[in-house]
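Here's the structure, in structure tokens; my notes come after.
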Number of protein chains: 2
Amino acid sequence: MMHISTKGEYGVRVMIDLARYYNKKLRSLTDISQDEGLPVQYLEQLIKKLRDADLVMSARGAHGGYQLSRPPEEIRMSEVLSVLEGALSPYACLSVNGAEVACGWDKLGSCSTRSLWARLQEAIISTLESITLNELVDSEPPAPIRVPEQQRNIKIQL
Amino acid sequence: MMHISTKGEYGVRVMIDLARYYNKKLRSLTDISQDEGLPVQYLEQLIKKLRDADLVMSARGAHGGYQLSRPPEEIRMSEVLSVLEGALSPYACLSVNGAEVACGWDKLGSCSTRSLWARLQEAIISTLESITLNELVDSEPPAPIRVPEQQRNIKIQL
DNA sequence: TTTAATCCGAGTAACTCACTCAGAATTAAT
DNA sequence: ATTAATTCTGAGTGAGTTACTCGGATTAAA
């Protein structure tokens with residue numbers, strides 16, 4: 001359970017990549033995809049979300065690319081992940097901003113599991129809010145890697 | 001993201017139901033499903049996992065049913081949910097018991113996101129370990145409810 | 001004008017989810 | 001002994017999600 005999808009994983013990787021080059025140069029998706037070993041066309045979808053949420057800025061045309069809209073220390077992982085993966089809530093009863101959504105049970109006054117999900121959500125959100133992008137950036141940009149095709153999409157069952 | 005499935009949700013509800021009747025009587029699945037408003041045949045699948053994990057015991061035949069194997073205060077939600085939903089890890093790099101699984105990136109020494117998922121996992125597991133089943137049980141068994149069919153499976157998008 | 005890039009919408013194979021269906025095995029009550 | 005109530009087991013399924021790909025339009029530097 002509770003696994004994050006490649007949207008979140010790849011998106012965070014992209015953000016870390018951009019943080020390494022913050023205030024240095026624009027990064028094109030082809031560069032990012034080569035250095036991080038991720039499929040370009042899939043990244044296009046992800047970075048659209050990041051741009052719509054104003055976490056990154058883009059420049060079109062030749063020698064275009066992306067850069068962070070804000071310094072890495074002002075970008076919290078809660079923001080990044082909620083943009084990429086949707087609400088950080090483990091259950092429909094609860095939403096990110098505190099607004100509540102009705103479900104069949106709580107209308108009938110019997111949502112015994114609610115406090116469980118509420119506490120879990122609180123834990124998830126507060127940890128993700130406490131981590132900023134610059135904490136995940138190692139000073140040196142590592143050498144470009146190539147991940148073999150077969151080693152993607154690994155999942156643990158039980 | 002981070003949403004739990006109905007396996008987890010229903011399974012926790014079943015455990016809460018059984019906790020209410022702990023040391024009182026056996027509960028049949030048809031009773032549970034009627035009182036909680038959940039589909040019987042789906043519960044059969046879920047409770048099999050709970051039984052295999054020795055969280056509940058069963059008695060077959062007429063007037064059979066289920067009961068908790070241990071008192072509710074000795075059952076942690078981390079146990080229940082990992083049985084129902086699989087590992088509580090947000091990413092394949094990390095597993096519940098601390099044993100590590102290789103992924104394409106960390107073998108190449110470039111798993112920049114690892115510490116993020118590690119901290120998230122730590123938060124999730126420690127909160128779920130801190131909550132025992134009896135904390136979720138309200139003293140009085142509530143009146144049986146009937147959840148209208150349409151109101152299941154509600155999900156928030158973004 | 002060529003080339004390199006972002007943008008955009010659609011399509012898709014594989015998988016997961018949330019169940020249902022059919023029936024066998026076991027036990028209590030009659 | 002028969003019936004009824006229950007747990008057990010395995011298989012199937014429609015809808016949705018995931019993790020992509022494909023084809024092309026748009027923009028801008030060289």
Side-chain angles (χ1 to χ4, degrees), chain A residues 1-11 13-14 18 25-34 37-52 56-67 84-87 91-92 104 147 149-158, chain B residues 1-11 13-14 18 25-34 36-52 56-67 84-86 91-92 104 147 149-158:
Chain A
M1 76 172 272
M2 290 284 135
H3 80 285
I4 63 131
S5 67
T6 55
K7 278 194 197 109
E9 169 73 16
Y10 293 2
R13 279 178 193 278
V14 167
L18 291 178
K25 53 181 274 198
L26 291 177
R27 287 283 280 169
S28 74
L29 276 193
T30 49
D31 284 352
I32 296 177
S33 98
Q34 280 177 7
L38 302 173
V40 201
Q41 294 173 302
Y42 191 38
L43 291 190
E44 287 185 351
Q45 291 180 16
L46 305 187
I47 209 155
K48 183 179 191 308
K49 296 187 179 193
L50 296 171
R51 199 205 42 190
D52 289 348
V56 306
M57 297 185 315
S58 63
R60 303 185 65 171
H63 293 96
Y66 297 90
Q67 64 183 126
L84 292 164
E85 302 249 6
Y91 191 59
V147 180
E149 296 301 320
Q150 311 89 305
Q151 296 191 334
R152 307 249 186 76
N153 303 338
I154 302 170
K155 279 180 192 163
I156 292 179
Q157 55 265 32
L158 178 65
Chain B
M1 79 172 269
M2 290 285 135
H3 81 285
I4 63 131
S5 67
T6 56
K7 278 194 197 109
E9 169 75 15
Y10 294 1
R13 279 177 194 279
V14 167
L18 291 178
K25 52 182 274 200
L26 291 178
R27 287 281 282 168
S28 75
L29 276 192
T30 48
D31 285 351
I32 296 177
S33 99
Q34 281 177 6
E36 306 285 337
L38 302 173
V40 201
Q41 292 172 305
Y42 191 38
L43 292 190
E44 287 184 350
Q45 292 181 17
L46 304 188
I47 209 155
K48 182 179 191 309
K49 297 188 177 190
L50 295 171
R51 198 206 42 190
D52 289 348
V56 305
M57 297 185 315
S58 63
R60 302 184 66 170
H63 294 95
Y66 296 90
Q67 64 184 129
L84 292 164
E85 302 249 4
Y91 191 58
V147 180
E149 295 302 319
Q150 311 88 305
Q151 295 191 336
R152 306 249 185 76
N153 303 338
I154 301 170
K155 279 181 192 165
I156 289 179
Q157 55 265 33
L158 177 62

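Bear in mind that the values here come from a model prediction, so they are computed numbers and not experimental data. Just so we're on the same page: letters track the sequence lines, and every chain starts at 1.
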Practice problem: Take atom CD1 of B/Ile47 and atom C1' of D/dT9, then tell me their distance rounded to the nearest Å. | Solution: 15 Å
Quiz item: Mapping A/Glu44 and A/Lys7 to their closest nucleotides on DNA chain D, which lands nearer the 5' end?
Solution: A/Lys7
Quiz item: Atom CG in B/Leu46, atom NZ in B/Lys7: separation rounded to 0.5 Å?
Solution: 7.5 Å
Do any N or O atoms of the protein come closer than 3.5 Å to N or O atoms of nucleotides 3-6 of chain D, and which pairs are they?
from: D/dA5; atom 1: N3; to: B/Ala62; atom 2: N; distance (Å): 3.3

Practice problem: Can you figure out which of C/dC19, D/dC8, D/dC20 approaches the side chain of B/Ser58 most closely? | Solution: D/dC8
Quiz prompt | d(NZ, B/Lys49; C1', D/dT9) in whole Å | solution = 15 Å
Quiz prompt | side-chain contact (heavy atoms from CB on, under 4.5 Å) partner of A/Tyr66, the single match among A/Leu29, A/Asp31, A/Leu50 | solution = A/Leu29
Practice problem: Please list, chain by chain and in numerical order, all residues satisfying side-chain contact (heavy atoms from CB on, under 4.5 Å) with B/Arg51, sequence neighbours excluded. | Solution: B/Lys48, B/Val56, B/Ser58
Practice problem: With sequence neighbours left out, write down each residue that passes side-chain hydrogen bond (donor to acceptor under 3.5 Å, both in side chains) with B/Lys25, or none if nothing qualifies. | Solution: none
Exercise. To the nearest Å, give me how far apart CG (A/Leu46) and C1' (C/dC7) are.
Key: 14 Å
Can you give each donor-acceptor pair under 3.5 Å made by side-chain atoms of residues 38-45 of chain A, sequence neighbours left out, with the distance rounded to 0.1 Å?
from: A/Tyr42; atom 1: OH; to: A/Thr6; atom 2: OG1; distance (Å): 3.1

Practice problem: Check every atom of C/dC7, D/dA11, D/dC8 against the side chain of B/Gln45 and return the nucleotide holding the closest atom. | Solution: D/dA11
Exercise. I would like to know whether B/Glu9 and B/Ile4 meet side chain to side chain contact (heavy atoms under 4.5 Å, CB included); could you show each step before the answer?
Key: CA-CA 7 Å; B/Glu9 169 75 15; B/Ile4 63 131; 3.8 Å; yes
Practice problem: Take the protein atom NZ of B/Lys48 and the nucleotide atom P of D/dG10, then report the distance between them rounded to whole Å. | Solution: 7 Å
Exercise. State whether B/Ser5 places a side-chain N or O below 4.0 Å from either non-bridging phosphate oxygen (OP1 or OP2) of C/dC17.
Key: no
Self-check item: Rounded distance (Å) that lies between atom C1' of C/dC21 and atom OH of B/Tyr42
Solution: 16 Å
Quiz item: Roughly how many Å is it from CZ in A/Arg51 to P in C/dA5, rounded to a whole number?
Solution: 17 Å
Exercise. Report yes or no: does B/Glu85 contribute a side-chain atom to a donor-acceptor pair with the main-chain N or O of B/Ser5 at less than 3.5 Å?
Key: yes
Practice problem: Please state how far atom CD in A/Gln67 lies from atom P in C/dA5, giving the value in whole angstrom units. | Solution: 16 Å
Exercise. Could you check how far CD of A/Gln41 sits from C1' of C/dG11, rounded to whole Å?
Key: 13 Å
